[in-house]
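The structure displayed is predicted, hence computed values, not measured ones.
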Amino acid sequence: ATAAAAASDNAPAWAGHKAVVSWSPRAFKLTGFLSDDECDYLIHTAAPSMAVSTVVDTDTGESMPSSVRTSTGMFMERAADPVVASLERRIALATDLPAVNGEGMQVLRYAPDGAGGGQRYEAHHDFFNDAVNVKPENGGQRIGGWREGGACGRTRRPRADPTTPPCAPSPPVPATVLMYLTTPAAGGETVFPHAADKVQGPGWSDCAREGMSFKPARGDALVFYSLHPDGERDWRSLHGSCPVTSGVKWSATKVGAGGRGGEGAGAGSAPRRRAPTHPSTPSPLQWLHVTTFPGEDASEKANAKWAAG
């Protein structure tokens, strides 16, 4: 563990390849984001503390077991040790979100022995949709967005009167990073069932073919955004973990900021304490950290994609 910590702490910033998985929702693959030593370290550190994963009851705000989430998991404190702190700095650079905005990392394990053909996490958002969990005394909204009411609302739509002031933003905390610590033999894809496009071709599970999906591979990561650049929630960011049917899937989840965690952490189990938000509010354009192509402007390309989707 000491050698792994020293290696991670002294490692250079990630300089791997970032590729588009989906434009609606915005999702990007980070190739080779973790080393084999870092993957092993997280697994071995988390293994003794794993417990049945829970979700948050939308009526009471309390954590409880549920058949929609059948993995095991545990939470790590932010900057719990040099390896975790190094990964959190790397995530901050890859997402353009300050490390101070991040929740504690959650390590999850999915095996093929769960009910219904393998452990899984059914589709969910990483923001809350109910009135109980958004109350300050219950931790508050974990993914920021425009406040309800006026010309703005729960769905993304242009203001009828362009002279109307925009809705007031809550803390901008839009990104979730899923880091894959093992490669399961079959299943375990991360699926976005409401994405504008769907996967095609052989090699995908039935669950994965329900939307745009991403195959977990050891050392790779997936970053996706729950908000549009204008700050409104992206309802296409609904995502889940398909059942693992062969092998074991270990992953680590880091939500960019907010008060609770999880593949994502979802409106699910998480610590009750809130992570402090960054004192400055970045421009929505700062959230658009994407791969560009020769001769193309990133914001123009993204706006065209969202308009079409």
Side-chain angles (χ1 to χ4, degrees), residues 1-19 28-53 69-95 99 102-114 118-121 176-190 214-224 241-256 261-265 269-271:
T2 302
S8 182
D9 199 39
N10 296 325
W14 174 74
H17 179 63
K18 189 172 190 177
F28 308 94
K29 175 185 179 181
L30 309 179
T31 303
F33 194 69
L34 292 84
S35 68
D36 286 342
D37 285 344
E38 288 169 332
C39 292
D40 289 340
Y41 180 83
L42 291 178
I43 292 171
H44 294 154
T45 301
S49 303
M50 302 296 281
V52 174
S53 299
R69 190 183 196 190
T70 56
S71 61
T72 55
M74 61 84 69
F75 284 91
M76 294 181 170
E77 294 290 332
R78 289 189 301 172
D81 58 42
V83 175
V84 174
S86 176
L87 289 172
E88 289 174 339
R89 290 194 298 271
R90 194 178 308 159
I91 290 168
L93 291 172
T95 61
E103 296 182 359
M105 193 177 296
Q106 186 182 23
V107 178
L108 296 164
R109 180 183 185 273
Y110 296 85
D113 53 359
Q119 291 182 336
R120 68 197 185 281
Y121 192 0
T176 297
V177 180
L178 307 177
M179 296 165 281
Y180 303 99
L181 311 181
T182 60
T183 304
E189 302 98 335
T190 298
F214 183 83
K215 288 187 177 182
R218 179 177 167 92
D220 288 348
L222 178 71
V223 56
F224 69 89
S241 181
C242 291
V244 172
T245 56
S246 180
V248 176
K249 172 186 173 183
W250 282 85
S251 65
T253 298
K254 181 77 172 177
V255 178
E263 182 130 359
S269 67

(request) Sequence neighbours left out, what passes side-chain contact (heavy atoms from CB on, under 4.5 Å) with S71? Give chain and number order. (result) S53, R69, L108, Y110
(message) Taking the side chain as everything from C-beta on, heavy atoms only, tell me whether L222 gets closer than 4.5 Å to V177.
(response) no
(request) Kindly give the heavy-atom pair with the smallest separation between W250 and T182, and that separation in Å. (result) N-OG1, 2.8 Å
(message) Could you tell me if the side chain of T190 sits less than 4.5 Å from the side chain of Y180, heavy atoms only?
(response) yes
(request) Starting at CD of E189, measure out to CZ of R120 and round the result to the nearest 0.5 Å. (result) 14.5 Å
(request) Kindly compute the distance separating CZ (F75) from CD (Q106), expressed to the nearest 0.5 Å. (result) 3.5 Å
(request) Could you tell me which non-hydrogen atom of C39 sits nearest to which non-hydrogen atom of G219, and how far apart they are? (result) SG-N, 3.8 Å
(request) Show the numbers, then the answer: is there a side chain to side chain contact (heavy atoms under 4.5 Å, CB included) between M76 and L42? (result) CA-CA 10 Å; M76 294 181 170; L42 291 178; 4.0 Å; yes
(message) If you compare all heavy atoms of D81 against all heavy atoms of V84, which two are closest, and at what distance to 0.1 Å?
(response) OD1-N, 2.9 Å
(message) My understanding is that only residues two or more places apart in sequence, or in another chain, count here; which of them pass salt bridge (Lys or Arg N to Asp or Glu O under 4.0 Å) with K215?
(response) none
(request) Evaluate the side chain to side chain contact (heavy atoms under 4.5 Å, CB included) criterion for residues L181 and E38: first the C-alpha distance (whole Å), next the side-chain angles of each, then the deciding distance (0.1 Å), finally the verdict. (result) CA-CA 8 Å; L181 311 181; E38 288 169 332; over 6 Å; no
(message) With a 3.5 Å distance limit and no angle check, can you tell me whether T45 reaches the backbone of Y41 through a side-chain donor-acceptor pair?
(response) yes
(message) I'd like to check R90 versus K254 (side-chain heavy atoms, cut-off strictly below 4.5 Å). Are they in contact?
(response) no
(request) With sequence neighbours excluded, tell me which residues meet side-chain contact (heavy atoms from CB on, under 4.5 Å) with S246. (result) A185, A186
(request) Answer whether the closest heavy-atom distance between the side chains of S251 and P216 falls below 4.5 Å. (result) no
(message) As a quick check of understanding, evaluate side chain to side chain contact (heavy atoms under 4.5 Å, CB included) for Q119 and V244, giving each step before the final call.
(response) CA-CA 6 Å; Q119 291 182 336; V244 172; 5.8 Å; no
(message) Whether the side chain of K249 engages the backbone of G188 through a donor-acceptor N/O pair (distance < 3.5 Å, no angle test) should be reported.
(response) yes
(request) Applying side-chain contact (heavy atoms from CB on, under 4.5 Å), name anything that partners A217, two or more places apart in sequence or on another chain. (result) T183, D220
(request) Could you walk me through whether L87 and L34 pass the side chain to side chain contact (heavy atoms under 4.5 Å, CB included) test, one step at a time? (result) CA-CA 8 Å; L87 289 172; L34 292 84; 4.0 Å; yes
(message) Restricting to non-hydrogen atoms, name the atom on M179 and the atom on I91 that form the minimum distance, rounded to 0.1 Å.
(response) CE-CD1, 3.7 Å
(message) Counting C-beta onward and ignoring hydrogens, is there a side-chain heavy-atom pair between F28 and F214 closer than 4.5 Å?
(response) no
(message) Once rounded to the nearest 0.5 Å, what's the spacing between atom CZ of F33 and atom NE2 of H17?
(response) 14.5 Å
(message) Taking salt bridge (Lys or Arg N to Asp or Glu O under 4.0 Å) as the definition, give me every residue that meets it alongside R109, ordered by chain and number, with sequence neighbours left out.
(response) none
(message) How close do G118 and T70 get, counting heavy atoms only, and between which atoms?
(response) O-OG1, 4.3 Å
(request) Would you please name every residue forming a side-chain contact (heavy atoms from CB on, under 4.5 Å) with A79, sequence neighbours left out? (result) A85, E88
